[in-house]
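Take a look at the structure set out below.
Numbered from 1 within each chain, the chains take letters A, B, ... in sequence-line order. Note that the structure is predicted; figures quoted are calculated from it, not measured.
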Amino acid sequence: MNKEELSEKLNDFFQVIFEKELIDEILEVGTYKMVKENELLIDIDEKFDKIPLLLTGAIKISREDKNGDEIVLYFLERGDTCTVSFGNGLGLTKSKIRGVAEKDSELILLPISKLDEWMVKYESWRTFVIDSYNIRINEMFEAIDTLAFMNMEDRIFKYLRDKVKILRDPMLSTTHQEIATDLHTSRVVVSRLLKHLENEGKIRLYRNRIEVLDY
DNA sequence: ACATTAAGTGATT
DNA sequence: AATCACTTAATGT
């Protein structure tokens, strides 16, 4: 991808936020990266010394315990960044989350050293970082609430609606098993509750596909 | 036609 | 809500 295309993409999603000088700097020091659906971007305990800016696509963020049991926390969308990677000035601590591309995605990787530099230099960058933190922490609260207070059927339905919103398509390509893994439950439970949601007219079930009608 | 994988279901805890 | 045990349906070779 050449500079012009990259510049165009950056402007598409960050123009309103970043001033021209900052965009120029991003173009200068950033590297473009394309990831395919289901590609692992960052795994738990890996070091990530770059700041990712998501241009297009979506990234699924999950946690895992020592037994390998996994649970999805939230999704990153275009224009988002991973605030977890801001955590430490030098990017030396290990990642506590896993990021997998939910669909083909494009991102720009920035050297973490620029974080401090731009914080003093650009008002828009400061705002962007603080906003990102806010958005992320609110997503986290939402994830906690969902886990703590919602029953499995509501969690499944919320999960489906979130996916529709993020992928911008009410026809989801997924299996009951994948949902079970993401929500950390069993496939049998997912199948039952999905059937119930279908009977309520909220979704329609097919093999390897789920159509969300009420979103 | 057969094997494999996804999905549906009753019964039990 | 989880698990078992089994059935049925769809898809690949």
Inset, instruction - For B:dG8, take OP1 and OP2 only and decide whether either is under 4.0 Å from a side-chain N or O of A:His176. - result: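 True: A:His176 side-chain N/O within range (under 4.0 Å) of B:dG8 OP1/OP2.
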Inset, instruction - Compare side-chain N and O positions of A:Thr185 against OP1 and OP2 of C:dA2 and report whether any pair is under 4.0 Å apart. - result: yes
Inset, instruction - Scan side-chain atoms only and decide if A:Tyr206 and A:Glu211 contain a donor-acceptor pair under the 3.5 Å cut-off. - result: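 Per modelled atom types, A:Tyr206 and A:Glu211 side chains form a pair under 3.5 Å.
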Inset, instruction - Give a yes-or-no answer on whether the side chains of A:Glu70 and A:Ser62 include a donor-acceptor pair shorter than 3.5 Å. - result: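 Short answer, yes.
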Between [atom2] of [N] and [atom1] of [X], the distance in whole Å:
| X | N | atom1 | atom2 | result |
| --- | --- | --- | --- | --- |
| A:Leu194 | B:dA7 | CG | P | 9 Å |
| A:Ile179 | B:dA6 | CD1 | P | 13 Å |
| A:Arg207 | B:dT4 | CZ | P | 14 Å |
| A:Leu193 | C:dA1 | CG | C1' | 8 Å |
| A:Leu205 | B:dT9 | CG | C1' | 14 Å |
| A:Glu198 | B:dA7 | CD | P | 12 Å |
| A:Ile156 | B:dA7 | CD1 | P | 13 Å |
| A:Gln177 | B:dT5 | CD | P | 13 Å |

Inset, instruction - Assign the ring pair A:Phe128 / A:Phe18 to parallel, tilted or perpendicular, where the plane angle (0 to 90°) is split at 30° and 60°. - result: perpendicular
Inset, instruction - Report the residue from A:Leu193, A:Leu205, A:Ile210 that forms a side-chain contact (heavy atoms from CB on, under 4.5 Å) with A:Glu198. - result: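 Considering A:Leu193, A:Leu205, A:Ile210, a side-chain contact (heavy atoms from CB on, under 4.5 Å) with A:Glu198 is found only for A:Leu205.
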Legend entry - Electrostatic pair A:Arg78-A:Glu106, nearest N-O below 4.0 angstrom: no
Inset, instruction - Look at A:Lys163 together with A:Asp169 and state whether they make a salt bridge at an N to O cut-off of under 4.0 Å. - result: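 Salt bridge: no.
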Inset, instruction - Looking at every strand, decide which applies to A:Ser186 at a 4.0 Å heavy-atom threshold: base, sugar-phosphate, or nothing. - result: base
Inset, instruction - Hey, could you give me each pair passing salt bridge (Lys or Arg N to Asp or Glu O under 4.0 Å) that has a residue in residues 30-40 of chain A? Not counting sequence neighbours. - result: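 Non-adjacent pairs meeting salt bridge (Lys or Arg N to Asp or Glu O under 4.0 Å): zero.
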Set out, line by line, the N/O atom pairs under 3.5 Å between protein and nucleotides 4-7 of chain C.
none

